[in-house]
Amino acid sequence: MKRSILSTALFMLTILVVLLSLWGPEALARYADRGILDQIETREEETGGEGYRYQLSGNEKLYILSQCLNAQNLPETEQSLRSRDADAAYQELTGTYAFVVNHNGPSGQEITDEEIYETANKGIALLKEKGVLPEEIREIRSAAYEATLYSAIDVPEPRNNVAVWKLSLTGSLQNANKENRLIDAYIDADDGKIYEFYVRAQLKWEEIDPDKLVEEWSSYMGLSKPQAYETDNPLLETTPYFKKYVFAGSGDERTIVTVGFYEGINELFLKISR
């Protein structure tokens, strides 16, 4: 009798296990689906088409911009234009970089063409306070300058890109008095920082401390500390008055920044590579 009851119990348990194995997973799935079906869930995802949202460090942005400037030809001020041939032999380009006009205009997160002049004047004022720019440099006015928005793009990794405004003294004033003026500058379209500049002022090279100037500029840009770029080649520039510095990029990458001075036209410049 006991054996019969035990056999019946085992038979019923076997049937229950079989039923659970058949019905259980489907029932659990339906229960789990109740928590997500007919519910809207939103997430923020990085997309390749919105590369400007990708956060680059100051050193990475500087490196990308330097490589893009090296890869293109744009008009420069009188004597700096002549230095291109001398610089060409010393460029060490890696990868593929493009520096193109942004015909779409500023996005919602970038400085607009109406704002760039005020932004530039704020940057000039701050660089004066830091001793990077001479005090006598005048504020810029929209009527005297041309502003063009560019995208500096690492082509194999297009999300690595930097939007910059280029401000240049307008062509109608090229023969005007340039004393105490900004001649050219590249300005970050996101935060308004001034990457590169050429200015005319009543200065002499002996009055300029390039080490202090580049240290203050790198602090303003949020860069790592520069290292002196040692070279005994005087043909790197068309002026004898210059000093070069190296900033780390990522990995083995590096950016060369030059502080220099053109005697005669009294032009102080800070340029990136080239």
Side-chain angles (χ1 to χ4, degrees), residues 54-70 76-77 80 83 87 90-94 97 99 111 116 119-135 137 150 152 154 160-167 182-199 201 203 205-231 236-237 239 241-262 267-274:
Y54 183 66
Q55 295 297 312
L56 296 166
S57 70
N59 284 62
E60 288 172 331
K61 292 170 75 173
L62 184 72
Y63 178 78
I64 291 171
L65 179 58
S66 75
Q67 296 304 297
C68 290
L69 291 176
N70 281 336
E76 301 174 21
T77 56
S80 60
S83 68
D87 288 343
Y90 303 96
Q91 294 174 4
E92 298 177 0
L93 302 181
T94 58
Y97 296 89
F99 192 68
I111 298 166
I116 186 57
T119 300
N121 281 324
K122 289 180 180 177
I124 289 171
L126 184 54
L127 290 179
K128 285 181 182 180
E129 291 179 11
K130 291 180 170 293
V132 175
L133 290 178
E135 281 292 334
I137 298 300
Y150 287 90
D154 178 355
N160 297 343
N161 66 83
V162 184
V164 293
W165 282 99
K166 183 184 181 185
L167 285 184
L182 174 76
I183 306 299
D184 283 306
Y186 285 105
I187 301 173
D188 193 295
D190 291 324
D191 59 22
K193 296 292 180 64
I194 299 176
Y195 284 103
E196 177 174 304
F197 60 80
Y198 293 79
V199 297
L203 284 174
W205 178 247
E206 293 76 16
E207 300 171 347
I208 300 169
D209 184 344
D211 292 342
K212 182 177 180 181
L213 189 154
V214 80
E215 183 177 344
E216 290 292 342
W217 174 80
S218 63
S219 174
Y220 155 81
M221 293 295 299
L223 304 171
S224 60
K225 288 188 176 182
Q227 301 294 322
Y229 178 67
E230 301 296 339
T231 176
L236 289 176
E237 299 291 336
T239 172
Y241 308 115
F242 70 90
K243 190 167 183 179
K244 292 182 176 287
Y245 302 86
V246 176
F247 288 85
S250 59
D252 295 331
E253 297 167 351
R254 64 179 187 172
T255 305
I256 298 174
V257 171
T258 306
V259 176
F261 182 76
Y262 294 122
E267 185 167 288
L268 168 68
F269 64 86
L270 184 149
K271 71 174 182 178
I272 304 167
S273 293
R274 289 183 292 172

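Side-chain atoms are counted along with the backbone in the values below, which use heavy atoms only and exclude waters and symmetry mates. Nothing fancy with the numbering, it's 1 onward along the sequence.
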Report the C-alpha distance between Ile111 and Asp190 in whole Å, list the side-chain angles of each, state the deciding distance to 0.1 Å, and finish with yes or no for side chain to side chain contact (heavy atoms under 4.5 Å, CB included).
-> CA-CA 6 Å; Ile111 298 166; Asp190 291 324; over 6 Å; no
For Val164 and Asp188, work out which heavy atoms get closest and say how close.
-> CG1-CA, 4.3 Å
Evaluate the criterion side chain to side chain contact (heavy atoms under 4.5 Å, CB included) for residue pair Trp205 and Thr239; output intermediate values, then yes/no.
-> CA-CA 11 Å; Trp205 178 247; Thr239 172; over 6 Å; no
Spacing of OG1 belonging to Thr255 relative to NZ belonging to Lys61, to within rounding of 0.5 Å = 13.0 Å
Say you draw a straight line from CD1 of Ile187 to NZ of Lys122; how long is it, rounded to the nearest 0.5 Å?
-> 12.5 Å
Partners of Phe242 by ring pair (Phe, Tyr, Trp, His ring centres under 6.0 Å), sequence neighbours excluded?
-> none
Is the backbone of Leu213 close enough, under 3.5 Å, to the side chain of Glu216 for a donor and an acceptor to pair up by distance?
-> no
Test ring pair (Phe, Tyr, Trp, His ring centres under 6.0 Å) applied to Phe247 - qualifying residues, sequence neighbours left out = Trp217
Using a strict cut-off of less than 4.0 Å between a Lys/Arg side-chain nitrogen and an Asp/Glu carboxylate oxygen, indicate whether Glu196 and Lys166 qualify as a salt bridge.
-> no
Salt-bridge criterion met for Glu230 and Lys244 (N-O under 4.0 Å) | no
With sequence neighbours excluded, what pairs up with Asn59 under the side-chain hydrogen bond (donor to acceptor under 3.5 Å, both in side chains) test?
-> Ser224
Rounded to the nearest 0.5 Å, how far apart are CG of Leu65 and CG of Asn70?
-> 9.5 Å
Test side chain to side chain contact (heavy atoms under 4.5 Å, CB included) on Val162 and Tyr150 and set out the steps.
-> CA-CA 8 Å; Val162 184; Tyr150 287 90; over 6 Å; no
Heavy-atom side-chain contact between Tyr262 and Phe269 under 4.5 Å | yes
Please name all residues satisfying ring pair (Phe, Tyr, Trp, His ring centres under 6.0 Å) with Trp165, sequence neighbours left out, ordered by chain then number.
-> none
Separation of Tyr63 OH from Glu253 CD (nearest 0.5 Å) = 4.0 Å
Closest approach of Gly123 to Ile194 (non-hydrogen atoms, all atoms of both residues) = C-CD1, 3.8 Å
What's the spacing between Leu223 CG and Ser57 OG if we round to 0.5 Å?
-> 8.5 Å
For Asp211, all residues meeting salt bridge (Lys or Arg N to Asp or Glu O under 4.0 Å), sequence neighbours excluded | Lys243
Heavy-atom nearest pair, Tyr97 first then Ile64, reads CD2-O, 4.4 Å
Would you check if Glu267 and Val199 make a side-chain contact, meaning some heavy-atom pair closer than 4.5 Å?
-> no
Partners meeting side chain to side chain contact (heavy atoms under 4.5 Å, CB included) with Lys128 (sequence neighbours left out) | Ile124, Leu133, Glu135, Ile137
Non-hydrogen atoms of Tyr245 and Pro226 that approach each other most closely = CB-CB, 4.1 Å
Sorted by chain and number, sequence neighbours left out, side chain to side chain contact (heavy atoms under 4.5 Å, CB included) with Gln227 holds for none
Are the ring centres of Tyr195 and Tyr186 closer than 6.0 Å?
-> no
Side chains of Ile272 and Leu62: closer than 4.5 Å at any heavy-atom pair?
-> yes
Salt bridge (Lys or Arg N to Asp or Glu O under 4.0 Å) partners for Lys212, two or more places apart = none
Side chain to side chain contact (heavy atoms under 4.5 Å, CB included) partners of Leu126, counting only residues at least two apart | Glu129, Lys130, Tyr220
Heavy-atom closest contact (Thr119 atom, Gly192 atom, distance) | CG2-CA, 3.6 Å
With sequence neighbours excluded, what pairs up with Ser219 under the side chain to side chain contact (heavy atoms under 4.5 Å, CB included) test?
-> none
To the nearest 0.5 angstrom, please state how far the CE atom of Met221 sits from the CG atom of Leu270.
-> 9.5 Å
Using the side chain to side chain contact (heavy atoms under 4.5 Å, CB included) rule, take Ile208 and Leu268 through it: C-alpha gap first, then chi angles, then the decisive distance, then the call.
-> CA-CA 9 Å; Ile208 300 169; Leu268 168 68; 3.8 Å; yes
